[in-house]
Protein chains: 2
Amino acid sequence: MTAKNIIKPTESELEILQVLWEHGPSSVRFVNDTLNEKGTKEIGYTTTLKIMQIMAEKNLAKRNTDKRTHIYDANVNESHTQKHLLKNFVDSTFRGSAMKMVMQALGNHNASEKELDEIKALITKIEKGE
Amino acid sequence: MTAKNIIKPTESELEILQVLWEHGPSSVRFVNDTLNEKGTKEIGYTTTLKIMQIMAEKNLAKRNTDKRTHIYDANVNESHTQKHLLKNFVDSTFRGSAMKMVMQALGNHNASEKELDEIKALITKIEKGE
DNA sequence: TTGCTATTACGAAAGCTTTCGTATAATATT
DNA sequence: AATATTATACGAAAGCTTTCGTAATAGCAA
């Protein structure tokens, strides 16, 4: 626990984590079906299985092997991971300028009034010193 | 030119693009030195050379071979590329929710008053319908 | 029981990116 | 001119991730 855990899921692993984060503990079959519903390219069942097994090895996921159908669950926190990946992304793509990125995101995205209000509220909160 | 160009630079390529975007047309030597000043791990000269040659092949960069020392320049637009990568990132990491990501970014980042003002101005602009 | 289907396990191939060694050539130095 | 330095070219190895074929097994159905 003292050693810093470097979270660096691969693309496939991240896709699988998204399913686990969204749906909770799941079987390989469920994850594979979900991925195939969404994505364009068909992913083979054993491919998903293999990656999930690797994720268990890496402790990105934990699995319950009591039943024949193993149940996998995310073993990394969603917000934590997002925060970590966000930092990396900002560094590598926006040379560390989170603000530049936020401006891009706001400019590109068609934000709703409600969303904009939320952001304004957050800004107010920050300005008041958290 | 009609076909859509899929921009998917690798990590190394992106690091090099950052140097080219920031400093403009550069030699391999300069790029390699710059990368090595910043980063922790030493990158071999021929490694950088190779990747930049590949980037020229992929048309991520163009190069001038008039002189013995070739000069490379980015051949993809910075904002365009950032926008593209941002979309991918939001999709894969925040399940498409740009707002969720913006909130994370604002929450994590110690934004200055000036930066917050900029964002507020942008929001006002968006609310007035661009 | 006898087969049929679903699941895990495993290894290896395929596909990418990164790294490096070596050869060759151009330029600079002495 | 001879030598040293610097640059490009190229191929191949190393390292990862993804994909798939195959085997073994458990559970279900006829």
Side-chain angles (χ1 to χ4, degrees), chain A residues 6-20 25-36 38-73 76 81 85 88-89 92-93, chain B residues 6-20 25-36 38-73 76 81 85 88-89 92-93:
Chain A
I6 299 166
I7 312 165
K8 196 79 176 20
T10 67
E11 259 186 40
S12 299
E13 287 168 349
L14 189 53
E15 280 180 19
I16 290 171
L17 281 176
Q18 296 292 2
V19 176
L20 297 180
S26 311
S27 67
V28 174
R29 175 63 59 195
F30 176 79
V31 170
N32 188 62
D33 286 351
T34 304
L35 292 178
N36 283 327
K38 304 193 174 179
T40 52
K41 54 177 176 240
E42 185 81 4
I43 301 171
Y45 175 83
T46 55
T47 300
T48 302
L49 169 67
K50 178 66 156 191
I51 293 175
M52 291 176 76
Q53 286 171 337
I54 291 171
M55 289 171 76
E57 273 178 25
K58 291 185 185 176
N59 287 314
L60 281 175
K62 51 181 180 289
R63 67 173 172 176
N64 183 323
T65 59
D66 290 352
K67 300 250 166 52
R68 175 159 117 91
T69 299
H70 298 355
I71 299 298
Y72 289 73
D73 196 6
V76 288
T81 306
L85 295 176
N88 280 0
F89 178 73
S92 64
T93 307
Chain B
I6 299 167
I7 311 164
K8 198 55 165 58
T10 67
E11 259 186 40
S12 299
E13 287 168 350
L14 190 53
E15 280 180 19
I16 291 171
L17 280 176
Q18 297 292 1
V19 176
L20 298 180
S26 311
S27 67
V28 174
R29 175 63 60 195
F30 176 80
V31 170
N32 188 61
D33 286 351
T34 304
L35 292 179
N36 282 328
K38 305 193 173 179
T40 54
K41 56 181 174 233
E42 185 80 6
I43 301 171
Y45 174 83
T46 54
T47 300
T48 303
L49 169 66
K50 179 66 156 190
I51 293 175
M52 290 177 75
Q53 286 171 337
I54 292 171
M55 289 171 75
E57 272 177 26
K58 291 186 185 176
N59 287 314
L60 281 175
K62 51 183 181 286
R63 66 173 173 178
N64 183 322
T65 59
D66 291 351
K67 301 252 165 51
R68 174 158 115 93
T69 300
H70 297 355
I71 299 297
Y72 289 73
D73 195 7
V76 287
T81 306
L85 295 177
N88 280 359
F89 178 73
S92 64
T93 306

Original post:
If you round to the nearest 0.5 Å, how far is CD1 of A/Ile54 from OG1 of A/Thr10?
Top reply: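 Reported value, rounded in 0.5 Å steps: 8.0 Å.
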Look at [X] and [N] and indicate whether a side-chain polar atom (N or O) is within less than 4.0 Å of OP1 or OP2.
{"X": "A/Arg68", "N": "C/dA9", "result": "no"}
{"X": "A/Thr65", "N": "C/dT8", "result": "no"}
{"X": "A/Ser12", "N": "D/dT18", "result": "yes"}
{"X": "A/Gln53", "N": "C/dA9", "result": "yes"}
{"X": "B/Thr10", "N": "C/dT17", "result": "no"}
{"X": "A/Tyr45", "N": "D/dC20", "result": "no"}
{"X": "A/Arg29", "N": "C/dA6", "result": "no"}

Rounding to an integer number of Å, can you tell me how far [X] [atom1] sits from [N] [atom2]?
{"X": "B/Arg63", "N": "D/dA7", "atom1": "CZ", "atom2": "P", "result": "15 Å"}
{"X": "B/Asp66", "N": "D/dA7", "atom1": "CG", "atom2": "C1'", "result": "15 Å"}
{"X": "B/Lys50", "N": "D/dA13", "atom1": "NZ", "atom2": "P", "result": "13 Å"}
{"X": "B/Asp33", "N": "D/dA7", "atom1": "CG", "atom2": "C1'", "result": "13 Å"}
{"X": "B/Phe30", "N": "D/dT8", "atom1": "CZ", "atom2": "C1'", "result": "20 Å"}
{"X": "A/Leu49", "N": "D/dA23", "atom1": "CG", "atom2": "P", "result": "17 Å"}
{"X": "A/Glu57", "N": "C/dC10", "atom1": "CD", "atom2": "C1'", "result": "11 Å"}
{"X": "B/Ile54", "N": "C/dC16", "atom1": "CD1", "atom2": "C1'", "result": "10 Å"}

Subject >> Nearest-neighbour nucleotide for the B/Thr47 side chain, C/dA9, C/dT19, C/dT17 considered >> reply: C/dT19
Check whether any side-chain heavy atom of [X] lies under 4.5 Å from a side-chain heavy atom of [Y], and answer yes or no.
{"X": "B/Gln53", "Y": "B/Arg63", "value": "yes"}
{"X": "B/Lys8", "Y": "B/Asn88", "value": "yes"}
{"X": "B/Lys58", "Y": "B/Glu13", "value": "yes"}

**OP:** Only one of B/Asp33, B/Thr48, B/Ile51, B/Ile71 passes side chain to side chain contact (heavy atoms under 4.5 Å, CB included) with B/Val28; say which it is.
**Re:** B/Thr48
Original post:
At under 4.0 Å between heavy atoms, what does B/Glu11 touch on the DNA or RNA strands: base, sugar-phosphate, or nothing?
Top reply: sugar-phosphate
